[in-house]
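In what follows, chains are A, B, ... by sequence order, proteins preceding strands, each numbered from 1.
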Amino acid sequence: DAGVTQSPTHLIKTRGQQVTLRCSPKSGHDTVSWYQQALGQGPQFIFQYYEEEERQRGNFPDRFSGHQFPNYSSELNVNALLLGDSALYLCASRTGVRVNTEAFFGQGTRLTVV
Amino acid sequence: AQSVTQLGSHVSVSEGALVLLRCNYSSSVPPYLFWYVQYPNQGLQLLLKYTSAATLVKGINGFEAEFKKSETSFHLTKPSAHMSDAAEYFCAVSLGRAQKLVFGQGTRLTINP
């Protein structure tokens, strides 16, 4: 059983560019959350998708947007990249919206903005 | 708003010694609490979780944590450290229907031979 898979694993972009990161949830999971983890910091919640809708959003600007597809996979888009967007982006999936279901994390996409 | 504070960004212990990683939370309602481990260049793996059942929670790899409401703490312990325990550890709190996780800053655990 494949866990949460993210692509690509590493990415280098130039300031001002746009980037799309992808996430396939663990089999049987229908809820996907995205987190940003800056170097030496804990992950910060970006947003969560359930039933193809954004259900909750963290304190991130509108340059960060997402999408969930009918097969539950998800994309994170970041426009007008800034140097400060350099981070490890983690995708987490779980089943439904019950608060105590376990979230499984992917290995992340390391984004470097130069 | 809920928050988590991890005391000590770096903890170093000898192999075979007790591991104690500290976590204090702030929450206006009964929280759900989690400990995650992150190995280099990896995602996060759940070690254990507290969901208002038993206050002493046992997790994987010999780790356990005790929820103490009076101290608003959820410290992680392991009786005997192993070299493979070297990693970054994150405490997190969650509440609300969307189960947003709020993470602490992390504690890097180093094991000395």
Greater than 12 external heavy atoms within 6.0 Å of [X]'s [atom1]:
| X | atom1 | value |
| --- | --- | --- |
| A:I12 | CD1 | no |
| A:N77 | CG | yes |
| A:L39 | CG | no |
| A:R63 | CZ | yes |
| A:N59 | CG | no |
| B:Y25 | OH | yes |

Derivation of the side-chain contact (heavy atoms from CB on, under 4.5 Å) call for B:F90 and A:Q41: CA-CA 10 Å; B:F90 293 95; A:Q41 304 290 319; over 6 Å; no
Side chains of A:Y35 and B:L101 in contact at under 4.5 Å (non-hydrogen atoms):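 In contact.
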Criterion side-chain contact (heavy atoms from CB on, under 4.5 Å) on A:F104 and B:L44, from CA distance to verdict: CA-CA 8 Å; A:F104 287 79; B:L44 301 174; over 6 Å; no
Ring pair (Phe, Tyr, Trp, His ring centres under 6.0 Å) between B:F103 and A:F45, intermediate numbers included: CA-CA 9 Å; B:F103 287 88; A:F45 176 78; 10.0 Å; no
Contact class of A:A92 relative to chain B, heavy atoms under 4.5 angstrom: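 For A:A92, there is no contact with chain B at all, as no heavy atom is under 4.5 Å.
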Minimum-distance pair of heavy atoms, taken over all atoms of B:Q42 and A:L88: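 Closest approach of B:Q42 to A:L88: O-CD2, 4.4 Å.
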Side chain, backbone, both or neither of B:Y36 within contact of chain A (heavy atoms, under 4.5 Å):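 Side chain of B:Y36 only, per the 4.5 Å heavy-atom cut-off to chain A.
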Proximity breakdown for B:Q38 and chain A, heavy-atom pairs closer than 4.5 Å: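 Side chain of B:Q38 only, per the 4.5 Å heavy-atom cut-off to chain A.
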Between A:R110, A:Q37, A:Q44, the one whose heavy-atom pairs under 4.5 Å with chain B are most numerous: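 Looking at each option in turn, the highest pair count goes to A:Q37.
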Counterpart residues, side-chain contact (heavy atoms from CB on, under 4.5 Å), relative to A:R57 (two or more places apart):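 Partners of A:R57 under the side-chain contact (heavy atoms from CB on, under 4.5 Å) test: A:F47, A:E54, A:D62, A:F64.
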